[in-house]
4 protein chains.
Amino acid sequence: MVSRPHTGRRRNEAARRAVLAATISLLRRSEMKDVTIEAIAREARVGRQTIYRWWPSRAVIVLEAAEDYAEATVPDPGGAATDDLRTFLRATYVGAASDRTAPILRAIAAEALVDTQFADVLHRFTAARRAVLRSILQRHGASPELSEYLSDVTYGLLWYRLLVGHAALDETLADTTAALVVEAIEADREPRLARMPEPGLP
Amino acid sequence: MVSRPHTGRRRNEAARRAVLAATISLLRRSEMKDVTIEAIAREARVGRQTIYRWWPSRAVIVLEAAEDYAEATVPDPGGAATDDLRTFLRATYVGAASDRTAPILRAIAAEALVDTQFADVLHRFTAARRAVLRSILQRHGASPELSEYLSDVTYGLLWYRLLVGHAALDETLADTTAALVVEAIEADREPRLARMPEPGLP
Amino acid sequence: MVSRPHTGRRRNEAARRAVLAATISLLRRSEMKDVTIEAIAREARVGRQTIYRWWPSRAVIVLEAAEDYAEATVPDPGGAATDDLRTFLRATYVGAASDRTAPILRAIAAEALVDTQFADVLHRFTAARRAVLRSILQRHGASPELSEYLSDVTYGLLWYRLLVGHAALDETLADTTAALVVEAIEADREPRLARMPEPGLP
Amino acid sequence: MVSRPHTGRRRNEAARRAVLAATISLLRRSEMKDVTIEAIAREARVGRQTIYRWWPSRAVIVLEAAEDYAEATVPDPGGAATDDLRTFLRATYVGAASDRTAPILRAIAAEALVDTQFADVLHRFTAARRAVLRSILQRHGASPELSEYLSDVTYGLLWYRLLVGHAALDETLADTTAALVVEAIEADREPRLARMPEPGLP
DNA sequence: ACGTAACCGAGACGGTACGTCATGTCTTTCC
DNA sequence: GGAAAGACATGACGTACCGTCTCGGTTACGT
């Protein structure tokens, strides 16, 4: 006897999309603390149990919403443009800072700081981005170790301004950072001068 | 006529300290989401109303606890050691990453991401740190604009690793960053080569 | 088209009964001021929200508990026995004075005196009882107005002794009151003497 | 050695009067449940501790306020008018029902139902009133036992309407009750007819 | 006149109950 | 068997009073 491949109603794609859309919408309109599962279900006109059936936590909803959103709005993340570091950084910074995206990134960070199980969601999320940047940097001549470090520097700047909000994330910043990164790669290959002395020595 | 400056029982300093100590203790032992006002009151053996009387929100308790703690454990933040960039960065990174401090910093960031009114608390908190670093960088020869940028880079790295937790915040990282910063200052004064071409141009 | 009559989980009858039983139990064991919603929920092992969902106030819980209890313990309120006034009053007085019932009636009165919204709960509660007595009195020949007055007299005596507690509510009292009432009905129909001398009679 | 009779500041009579006046005022304006010690202190512009120093419970404040008030407003309770039953009942019912007095009587009853130690305050309070009425009834020819019973009937009616509030306490009611009482006294001396049969007998 | 003891107002303290909200689970009915 | 509706126990929220405990300041004796 052939085992039945599936019984019962299939997952309702409309409900899934309604939940993710409601999450994005709430994320933009409200503070994170008001993006409750209750509110998402209300907004999406969906049963609360439907959410619990398909997503293990609010964090994961937010993440999936963010990925869904990223996929829809950044159609070509791995295109030819990424060959050029400056273009990549400009797109990255400006995209992250946009009113549509920033609240989502901030929400993900907030959850990660509050909830352990969501911390590695953020871990994976950022790791994917760093991996892309690392490969670009290596194509620009950076060693694996250096590209690791420099992608932390690059994304650190992004998240820091996102977090603190004291200064803009714009194309100028992207260009400055691109220059810094290129400079660092070159310096790593042919050191300019004597390094700094050890602390405590004259 | 001067109205009476105070009537009635004075604020109990022991209760204040108990609340802050309980907050620090919970911050270290638990996830942020378990650091409820309820839990703080329980831990501090204090009436809940006493907390509401003196602190407007959980965020402010956490901040005050953090400041209280910083004051008690970092007795000399502006000492002679800060003359040396590398020493400063080592102390900053290692101190921030310590098991005692990291949870507090993370808690402050979490609140800032969730609560609008607390966001500028983080703003001021980080501004003070950047100001110190900026003055060090300027003593190392950086222009005001460059020191602004480089302190963002430096603290961005710190907060990024604090946030994502994918890599250590140690002395090696501090040294690498010190080198990057010094390199950037020098490059700003005597550019090494031709800059990168404009994107989109041949 | 008739809209859907109900969706979702039904009200849990066990929870309802548990709340009412807990209320009766607390009413007997404690002073009224200790019969808090908190305590009822604890005693009934029921969520506090469940109580707020179904009852608008503590007063209404107590009323429903009392009615539920009255229904369970006075199984035949409209039976043949009530044809006889004396039997009805004996049952009413002795029942009200019993250790099981008196605390409940006193508790209801206490709340009514303290809380406006509970006052009309007592209003309805007592009105139902007076209505029964009124119909008995009318079967005994009393006019509507007189039966209204006499049922106030009869229940007034009951509540007064319940309130002050200076004398018993027993069968002797019931009999005396039955006699008083019958006397009053007869006197209303054929005045004993020249009360106010009828015009035209000697 | 003779113990010192008193040292230190004397009790502030103004504060005492302010508390009692505030209590009477609140009793009239609010529900009993809003007459909190907090509210009394606020209204009287008096420290809360001053209340706790002199009065053991809210009930006692209410009682003292009531006595204070009665003394001030009912200068001659035992005048010649009490010779006449109807006049006495009219004054009693209308006085009790007045907007100034009813809230106070209700408050006393409420406390008596809730607080055991205050129950006999109500006991004594009502006993004094019944004693007056009893002596009037005996002057109208009632036996001691009958006058006991009839004064319960008379005051029962009063308190019942005060408690339930479903009907007025006015001069008509007083007259009707006076007639009922007179009728009962006469019937007790020369029974009209055969009494009712024992319940349960054929 | 001066000490000192008790009173006064104000108000902080640890508690407890309030009524509301969101959580994650369970149940019912419809599709 | 998926989905919407909605009841369930739980527990934190922020508020109001409770009764107690300081506080400075104010009387009003007794020396």
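Chain letters run A, B, ... following the sequence lines, proteins first and then strands; every chain starts at 1.
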> What pairs with Arg106(C) under salt bridge (charged side-chain N to carboxylate O under 4.0 Å, His left out), at least two apart in sequence or on another chain?
Replying inline: none
>> Just to verify, what does Lys33(D) make a salt bridge (charged side-chain N to carboxylate O under 4.0 Å, His left out) with, not counting sequence neighbours?
In response: Asp115(C), Glu31(D)
>> Just so I know, are the side chains of Asp34(D) and Leu26(D) near enough to count as touching, which here means a heavy-atom distance under 4.5 Å?
In response: no
>> Expected output is a numbered-order residue list: members of residues 105-115 of chain A with a heavy atom under 4.0 Å from any atom of DNA chain E. What is it?
In response: none
> Given dT22(F), is OP1 or OP2 found less than 4.0 Å from the side-chain N or O atoms of Arg9(B)?
Replying inline: yes
>> Can you see whether Trp54(D) has Arg11(D) sitting over its ring - NZ or CZ less than 6.0 Å from the centre and within 45° of the normal?
In response: yes
> CD of Glu13(D) versus P of dT27(F): gap in Å, rounded?
Replying inline: 16 Å
>> By nearest heavy atom, map Arg53(D) and Gly8(C) onto DNA chain E; which one lands nearer the 5' end?
In response: Arg53(D)
>> Main chain of Val35(C), side chain of Arg58(C): is a donor-acceptor contact present, judged purely on distance under 3.5 Å?
In response: yes
> Does Glu67(A) have any salt bridge (charged side-chain N to carboxylate O under 4.0 Å, His left out) partners at least two apart in sequence or in another chain, and if so, which?
Replying inline: none
> Atom CZ of Arg58(D) and atom P of dC18(F): how far apart are they, to the nearest Å?
Replying inline: 8 Å
>> Can you measure His6(B) atom NE2 to dT22(F) atom P for me and round it to whole angstrom units?
In response: 14 Å
> If only side-chain N and O atoms of Trp54(A) are considered, is one of them under 4.0 Å from the OP1 or OP2 phosphate oxygen of dG2(F)?
Replying inline: no
> Of the residues in residues 24-50 of chain C, which ones touch DNA chain F at a heavy-atom distance under 4.0 Å?
Replying inline: Arg45(C), Val46(C), Gly47(C), Arg48(C), Gln49(C), Thr50(C)
>> Rounded to whole Å, please give me the gap between CD1 in Ile61(D) and C1' in dG19(F).
In response: 12 Å
>> I need the full list of side-chain hydrogen bond (donor to acceptor under 3.5 Å, both in side chains) pairs touching residues 18-30 of chain C, with sequence neighbours left out, sorted by first then second residue.
In response: Ser25(C)-Arg29(C), Ser25(C)-Glu43(C), Arg29(C)-Glu43(C)
